[in-house]
Every structure is written in C-alpha cells, then in structure tokens.
Student: 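Quick one: structure below, then a few questions.
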Amino acid sequence: MQYFQGKSVYKGIVMGPVAVLKKNDYQVKRARIEDPEAEVKRVKEAVEVSKKQLGRLYDKAVREVGEASAAIFEVHQMMLEDEDYLESMENMIRIELVNAEYAAAATGDNFAEMFAAMDDEYMKARSADVKDISERLVRNLSGEGDNDLSSMEPSIIVADDLSPSETVQMDKEKILAFVTVHGSTNSHTAILARMMKIPALIGVPMDLNGLKTGMTAVVDGFSGQVIFEPEEDVQKETEKRMQEEAEKQKLLEELKGKENVTPDGRKINIYANIGSVGDLGYVMENDAGGIGLFRSEFLYLGRNDFPTEEEQFQAYKQAVQTMAGKKVIIRTLDIGADKQVDYFNLGKEENPALGYRAIRICLKQPEIFKAQLRALFRAAVYGNLSVMYPMITSTEEVEKIYAIVAEVEEELKKQEVQYKIPEQGIMIETPAAVMISDRLAEMVDFFSIGTNDLTQYTLAIDRQNEQLDDFYNPHHEAVLRMIRMVVENAHKCGKWAGICGELGADLTLTEQFVRMGVDELSVAPSMILKLRKIVREMKAEE
Ligand code: PEP
Ligand code: MG
C-alpha cells in the first residue's frame, strides 16, 4: 500500500483500476544496428498497429463528434500509406544502419519541416499531422503503446499533467478519477473533473515509474489522498463511503424540477458551464435552467485545423435544440494562454496570460471570428441562443465587435441565409472592464463575470502556476467588491449580471451572491443541485 497526498479539485471518492498515461517526451536514441531487414520489418509492423489504432479513433470520433471532425484520423491513416514517407524510413535504416525508432523520428521531423516551409496554408498545417503520426509510430516501436483509452475499462487516470486538448480527446465514460503530479486547481482539467463529478487530485508527488496500469487505487477527494494497492480494510471502508456518497446524491436528486427560490421569494438562475455538445447529457441530468457558459474554444482544441463554419453551426444548433427554449450562452473562442492550438501559430510569448488571446485574436484575425459568428447567428434561429465575448477591456473593443457583427449580418442577408442576431453580452474578467462596467453596461445586453481570470488579473497571480495556488484567493475582498460593483452597474442600466467563473460554485459564497443581487450563477453541472439546496434554505433579506 502506498499513500500520496495532493490537492483535491472535486470532492468525491472512488476505487478502481489505474491507467498510467506517460507522455511521449523522452528522447529517441540513435543506435547502430546489425540487421537492417529486421528493423524494416519492425517499422512495417508498427505501421500496421498504428493504422488499426487510427481506425478505432476514427470510429470513436464519428460517434462522438461527427464525421467531419473524425476525418483527420483517416488522413493520418492515408499518410501512413504514403510511399515517400515509408521509403524514407526504410532507406535511412538500410543506408545509415540506424534503429527503427530513430528512423521514424528523424523522417517525421524532416517531413514536418518540409510541410511547414510550404506556402500553401493547407499543406503547412499538415506538418503537425506528420509529427503526430511519427510520434505514434515511435510509441508503438518502443512498446509505449497507444495513449488511446477506448479499449480500456473505466479507470483512474494517473499522469504527469494533462493539457486541455488531451482531456478533450478522452472517452469520459472511461474515467473514474484524475490524479496528476502537476496542474493547478484552476486549470481546465480541474474544471473538467468538476463537470464530470469525479474525484480529481493534482500536485501529487508520485513517481509514475513506480506505478503500473491495472493496479488498484482509492482516490479520496475529501482528504486529497490517493492510495495505491489499498489493504482490505481500506477497500471495505472505501466501499462504505462510496455508498454513503451515492445516498447523499440521491437526496439531492429530489430537488430536480424544483425552483431556485429562497423562502422569502428571491429567485436566481442556476445554469451550467459546458465545453462541448458531449456535455449536454450532464446539463440535462442535473436539471440546469440553461447553459451560462459554452466554452466554444473546445471545438478548436485537439485537432489539426480550424473547425468549419458548418461543423460549428451543427454543434451550436444541437446545443440550442437540446435545451429546447432554455437559454444557451455561447462564448466566442477563448484560445491562447493555457489553451494552445498549433494551427493558430500563436508563437511563444513571455506572458501568455497577458498575451495574444481570446477577443484579441478575433479582432486581429477577423476571418476566424467571422466564421464563428456566422455559425452562431445561423444557429440562433433554432432556439434561445446568446453570444458572449471574452477578455474585454474597453468600450472600443465592443464597438469593433459590433462593426464585425454588422459586416457578418450584411453578408448573411446578401446570401439570403437564415439567421438571427442574438442577445450579446460580455465577460467581465479584467479589472479594466470592472472599472468601466457602468459604460459597458450601456452597450451590451448582459454581463457574465469570469472570476477565474478576474482573480488572476486582480491579484497578479498566474492561475496556471501551481506554486501560487496558496496565493490565489478568489475570496479576496478586492474580488468580492468588484463583483458587487459589476452587479450594481448592470442593474442601474436594467441589465442582468451573472457569474460563470469557478467562484460561482463556491457554496460558502452562495448566500452572499444572492444577497448582492447576482442574477445568475453558471457552474459545473455537478454543482447545480447543491446550489439549489442552499438557495431554497436561505433568506435573501437579512
Ligand atoms: C473565467 O475566467 O472565469 C472563465 C469563466 O473563463 P475561463 O475559465 O474559460 O478562462
Ligand atoms: Mg476566462
């Protein structure tokens, strides 16, 4: 039995088998070989294994995100059949007498460079694909296996760290818990864990080399402990606690269908935050009144090229149709900072959180923004859709957005495409936006306060820096005063204001938020009934 203590990002308890995910970041070593034909045979076998894995990934992606997004895995399969690529590896082995891993890695690098240097934007983007398939080959050659979890049983994912694009590709049905060595409590992986109501621990000082896929573990999100190979008494105790938790959850379920209203009559909207249409099930299951934050950038993550207008339209349409008249607030893409996407070619920045991200990208590269706006306005015809813009700092930005919106509307009208200009709001997540919220309120339909970034920018603390978790204090008086100010300024203009950052789900602040007059709390679906319980038992007037 081995114990490790980490930081919990979702309270829950689970026991199950472990799946250790190792990153493919080791250096491929060049070795001289005696038998080139045996190495060539290894390459051929690895190519076959890789093609099978890609076939499985394709099937899974078709089921989950549709054919258009899945097509990339077919492209990868075709690349693995490319004669130039295969010959290049074989020649290198035969002429230079090098090992298969080295030949695969070096050929991948050469081809990726060649694609990157091309003028055609489409061909340039293939560079990332070549790298991806070469890494897959190297993984298979070195016995690291596939990071594809589709064939595993539901497991506790143990990893060094997980990026948003890695988690977005995971089959959520198969995840019992997350346990990572790194990561911060405000990372998107932590947000995903809360969405899925699964225990998650970060900052766990474990050595992945000492752990094996298949071993049993207990993840206790209440104490922040993970126990590998638990003894029998621990297993029994865990089973008992899992049962108790399930019973508590059942009691919460009785609140489904009930209103979010205090006994003295104050109502509040309790909505859900989601990252993709795949999360709609959680929204329905937890009886959300609407969707307060659809993080649309997740449509852009974990792929090699921009989602088309049509793909986006289908996703947004599905969301509004599923919600059948309930409000769905879709945030325009918030790429940058921790959400990196290769094909955006954002380059390296000294301070990415203060860098080229979110609305700044949209205003500088309006062609990307316009495709998304077209998809949103077309989908707005099918239900109760609102749009909100992230990372606003000035009234000029809002004016520029409206100018682009007007151009998009003009185009749609000319093309006689069905559309609707929906309600438009902004996220308040910079201190600048807070300070001018009186003026911004006159320009927009609503505010949604992004406390994750607002805390980061107010306290000058990088939300991704795990060393600063102890200093990251969203309860800081400065943050709470800002929230009050934003709500008051919105109300003076007859507009509504909600909170969609993680603080909205902080049960110790729910009463305070209701009393401040916050109109909407948008939270991980798993928190909706817990908030409803507090609202229904508190007094709005003290
Ligand atoms: C926020 O900043 O609070 C927010 C909701 O946006 P994100 O966490 O996606 O940056
Ligand atoms: Mg934000």
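Only a predicted model underlies this, so the values are computations on that prediction, with no experimental measurement involved. These values consider heavy atoms only, across backbone and side chains, with no hydrogens, waters or symmetry-generated copies. Every number for a ligand or one of its atoms is a count from 1 in the order of the listing. Note that the numbering runs from 1 along the sequence shown for the chain.
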Student: Is the NZ or CZ atom of Lys317 both under 6.0 Å from the centre of the six-membered ring of Tyr382 and within 45° of that ring's axis?
Tutor: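 Lys317 over Tyr382 ring: yes.
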Student: Suppose we screen for side chain to side chain contact (heavy atoms under 4.5 Å, CB included). Which residues come up paired with Pro422, at least two apart in sequence or across chains?
Tutor: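 For Pro422, the residues satisfying side chain to side chain contact (heavy atoms under 4.5 Å, CB included) (neighbours in sequence not counted) are Phe377, Ala380, Leu385, Val387.
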Student: Listing request: all side chain to side chain donor-acceptor pair (under 3.5 Å) pairs with a residue in residues 419-431, at least two apart in sequence or in separate chains.
Tutor: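 Sorted pair list: Lys327-Glu423, Ser386-Glu423, Tyr389-Gln424, Glu409-Tyr419.
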Student: Which atoms of ligand 1 are found less than 4.0 Å from any heavy atom of Leu293?
Tutor: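 Result: 5 (C).
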Student: Relative to ligand 1, is Glu502 under 4.0 angstrom through side chain, backbone, both or neither, heavy atoms considered?
Tutor: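 The answer is neither.
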Student: Of all the atoms in ligand 1, which lie at a distance below 4.0 Å from a heavy atom belonging to Lys339?
Tutor: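 Result: 9 (O).
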Student: Does Arg532 have any salt bridge (Lys or Arg N to Asp or Glu O under 4.0 Å) partners at least two apart in sequence or in another chain, and if so, which?
Tutor: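 Salt bridge (Lys or Arg N to Asp or Glu O under 4.0 Å) list for Arg532, sorted by chain: Asp287.
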Student: Just to be sure I read this right, does ligand 1 sit under 4.0 Å from the backbone of Asp334, its side chain, both, or neither, counting only heavy atoms?
Tutor: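 Just the side chain.
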Student: So which bit of Arg463 gets within less than 4.0 Å of ligand 1, heavy atoms only: side chain, backbone, both or neither?
Tutor: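 For Arg463, the contact with ligand 1 is made by the side chain alone.
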Student: Please report whether ligand 1 has a polar contact with Asp453, defined as an N or O pair separated by less than 3.5 Å (distance criterion only).
Tutor: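 Yes, Asp453 has an N/O under 3.5 Å of an N/O on ligand 1.
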Student: Can you confirm whether or not the ring centre of Tyr343 sits under 6.0 Å from the ring centre of Tyr300?
Tutor: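 They do not qualify: ring centres at least 6.0 Å apart.
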Student: Counting each atom of ligand 1 from 1 as listed, which ones have a heavy atom of Gly501 under 4.0 Å away?
Tutor: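 Per the distance check, 3 (O), 5 (C).
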Student: For the Mg ion (ligand 2), which protein N/O/S atoms are closer than 2.8 Å?
Tutor: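 Short answer, with waters excluded from the count: Glu429 OE1, Asp453 OD2.
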Student: Would you please test Gln372 and Tyr316 for side-chain hydrogen bond (donor to acceptor under 3.5 Å, both in side chains) and show each step?
Tutor: CA-CA 10 Å; Gln372 182 169 37; Tyr316 305 147; 2.9 Å; yes
Student: Could you list the atoms of ligand 1 found under 4.0 angstrom from a heavy atom of Arg331?
Tutor: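 Selected atoms, number and element: 4 (C), 6 (O), 7 (P), 9 (O).
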